[in-house]
**Student:** 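Handing you this structure, nothing more for now.
Just the heavy atoms: all of them, side chains too, but no hydrogens, waters or symmetry mates, feed the values below. We're numbering straight along the sequence, starting at 1.
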Amino acid sequence: MADDDLTTLRPSNGDPEPDRHPFFEVASGARQGERLALRRGASIIGKGHDVEIRLAESGVSRRHARVDVDAVGKVVVTDLDSTNGTYVGKQRVESYALARGDRISFGPDAVVRLVYLERGAAERTATLSARQLQLARLVATGMTSAEIADKLGISPRTVTSHLDHIYARLDIRSRSALTRWVLERGLGLA
């Protein structure tokens, strides 16, 4: 099958996760690190001002794709004849039933990953600010607090304060857990 062949809807692999809520975790692009809640029903993704999920990257069409979420949390993405296509992994798709962990690209620069969170966990798991994400990525490279402080021009105590807030937001307790969080989400290293 050629790379530019389109894939159609694949069969569902059972009830996805009825006790969980689907989210797109932004893996690359301007909103990297954010979690975008997917509501039940249809939502349009694009860079237009009339869409439910706005991604402003240059390769994203005004109305790029539609995401449908059913009552049990099954998620289907459908391309809306976008200029740069919608991809799951490296395969261009017309319509596709997503599974947990699937990486979806809307054009060349906007990439998200489908995750499910326990109902109520979404409120407890806030996204990181740009500065917190920068710090998390530096921790994932193995830098010490002193090295991070030097690189960012802040005090080691400020680094510790940021880390305390990050740990609380993500409900984790160590640098290794934070490193795992960064790597599992494909957020790359600083």
Side-chain angles (χ1 to χ4, degrees), residues 3-10 16-17 20-70 73-119 121-138 140 166 169-170 181-190:
D3 286 348
D4 59 351
D5 287 345
L6 298 178
T7 301
T8 56
L9 185 64
R10 71 177 175 189
E17 310 207 21
R20 296 177 176 267
H21 187 78
F23 284 78
F24 278 155
E25 226 171 40
V26 182
S28 73
R31 299 176 69 178
Q32 183 176 19
E34 284 188 48
R35 284 193 175 134
L36 311 172
L38 301 176
R39 63 180 177 87
R40 184 193 262 177
S43 298
I44 304 297
I45 296 175
K47 68 177 174 182
H49 293 286
D50 61 338
V51 300
E52 289 79 17
I53 301 174
R54 191 160 191 272
L55 299 173
E57 283 71 25
S58 62
V60 177
S61 296
R62 191 178 64 77
R63 294 175 59 84
H64 197 100
R66 185 181 75 235
V67 176
D68 295 289
V69 180
D70 72 9
K74 182 176 106 181
V75 180
V76 175
V77 64
T78 304
D79 187 74
L80 298 176
D81 295 323
S82 63
T83 302
N84 292 311
T86 300
Y87 292 78
V88 177
K90 294 185 183 208
Q91 183 65 47
R92 188 171 183 161
V93 299
E94 287 180 340
S95 187
Y96 200 83
L98 299 172
R100 174 200 294 252
D102 279 345
R103 290 176 66 88
I104 305 96
S105 302
F106 303 102
D109 299 321
V111 179
V112 299
R113 186 172 72 100
L114 180 65
V115 298
Y116 287 87
L117 299 176
E118 290 180 17
R119 297 208 181 271
E123 293 78 28
R124 294 191 309 270
T125 310
T127 59
L128 299 181
S129 70
R131 183 61 147 193
Q132 289 171 331
L133 182 58
Q134 180 185 30
L135 220 89
R137 293 170 78 193
L138 290 171
I166 291 168
R169 279 190 171 195
L170 301 179
W181 183 89
V182 169
L183 296 176
E184 284 175 351
R185 284 153 184 78
L187 298 177
L189 303 178

**Student:** For Arg131, enumerate each residue passing the side-chain hydrogen bond (donor to acceptor under 3.5 Å, both in side chains) test, keeping only those at least two apart in sequence or located in another chain.
**Tutor:**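 Only Gln134 meet the side-chain hydrogen bond (donor to acceptor under 3.5 Å, both in side chains) criterion with Arg131.
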**Student:** Give me the atom names and distance for the closest heavy-atom approach of Pro22 to Val69.
**Tutor:**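 Heavy-atom minimum between the residues: CG-CG1, 3.8 Å.
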**Student:** Just wondering, are more than 12 heavy atoms of other shown residues or ligands nearer than 6.0 Å to CZ in Arg39?
**Tutor:**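 Enclosed: over 12 neighbouring heavy atoms sit under 6.0 Å from CZ of Arg39.
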**Student:** Answer yes or no: is there a donor N or O on one side and an acceptor on the other, between the side chain of Ser28 and the main chain of Asp109, under 3.5 Å?
**Tutor:**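 Side chain of Ser28 to backbone of Asp109, a donor-acceptor pair under 3.5 Å: yes, one is there.
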**Student:** If you take all heavy atoms of Phe106 and Ala65, which pair is closest and at what distance?
**Tutor:**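 Minimum heavy-atom separation between Phe106 and Ala65: CE2-CB, 3.8 Å.
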**Student:** Could you measure the distance from the CZ atom of Arg35 to the NE2 atom of His21? Nearest 0.5 Å is fine.
**Tutor:**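 Output value for this atom pair is 11.5 Å.
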**Student:** Decide side chain to side chain contact (heavy atoms under 4.5 Å, CB included) for Val111 and Ile104; before the verdict, give the C-alpha distance in whole Å, the side-chain angles of both, and the deciding distance to 0.1 Å.
**Tutor:** CA-CA 6 Å; Val111 179; Ile104 305 96; over 6 Å; no
**Student:** When you measure from the side chain of Tyr116 to the backbone N and O of Gly73, does any donor-acceptor pair fall under 3.5 Å?
**Tutor:**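 Checked: pair present.
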**Student:** Okay, side chain of Asp102, backbone of Leu114: is any donor-acceptor separation there less than 3.5 Å?
**Tutor:**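 Between the backbone of Leu114 and the side chain of Asp102 there is no qualifying donor-acceptor contact (under 3.5 Å).
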**Student:** How long is the span from the CG atom in Leu36 to the CD atom in Glu52, to the nearest 0.5 Å?
**Tutor:**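 Those atoms lie 12.5 Å apart.
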**Student:** What's the shortest heavy-atom distance between Val67 and Phe24, and which atoms?
**Tutor:**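 Scanning both residues, the minimum pair turns out to be CG2-CE1, 3.8 Å.
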**Student:** Val51 versus Arg54: any side-chain heavy-atom pair under 4.5 Å?
**Tutor:**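 Of all side-chain heavy-atom pairs linking Arg54 with Val51, at least one is under 4.5 Å.
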**Student:** Under the side chain to side chain contact (heavy atoms under 4.5 Å, CB included) rule, collect the residues that match up with Ser82, sequence neighbours excluded.
**Tutor:**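 Once residues adjacent in sequence are excluded, the partners of Ser82 under the side chain to side chain contact (heavy atoms under 4.5 Å, CB included) criterion are Ser61, His64, Asp79, Thr86.
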**Student:** With rounding to the nearest 0.5 Å, note down the distance linking CD in Glu57 to CG in Asn84.
**Tutor:**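 Between atom CD of Glu57 and atom CG of Asn84 there are 12.0 Å.
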**Student:** Could you go through the side chain to side chain contact (heavy atoms under 4.5 Å, CB included) check for Trp181 and Ile166 one step at a time?
**Tutor:** CA-CA 11 Å; Trp181 183 89; Ile166 291 168; over 6 Å; no
**Student:** Just so I know, are the side chains of Val112 and Glu25 near enough to count as touching, which here means a heavy-atom distance under 4.5 Å?
**Tutor:**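 Answer no - side chains too far apart.
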**Student:** Show me the donor-acceptor pairs within less than 3.5 Å that the side chains of residues 43-50 make with the rest of the protein, sequence neighbours left out.
**Tutor:**
residue, atom, partner, partner atom, Å
Lys47, NZ, Ser58, O, 3.4

**Student:** With sequence neighbours excluded, tell me which residues meet side chain to side chain contact (heavy atoms under 4.5 Å, CB included) with Ala136.
**Tutor:**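 Residues passing side chain to side chain contact (heavy atoms under 4.5 Å, CB included) with Ala136: Leu128, Leu178, Val182.
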**Student:** Suppose we screen for side chain to side chain contact (heavy atoms under 4.5 Å, CB included). Which residues come up paired with Ala42, at least two apart in sequence or across chains?
**Tutor:**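 Checked Ala42 against side chain to side chain contact (heavy atoms under 4.5 Å, CB included); matches are Arg66, Asp68.
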**Student:** So how far is it from Arg113 CZ to Arg100 CZ, rounded to the nearest 0.5 Å?
**Tutor:**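 Between atom CZ of Arg113 and atom CZ of Arg100 there are 9.0 Å.
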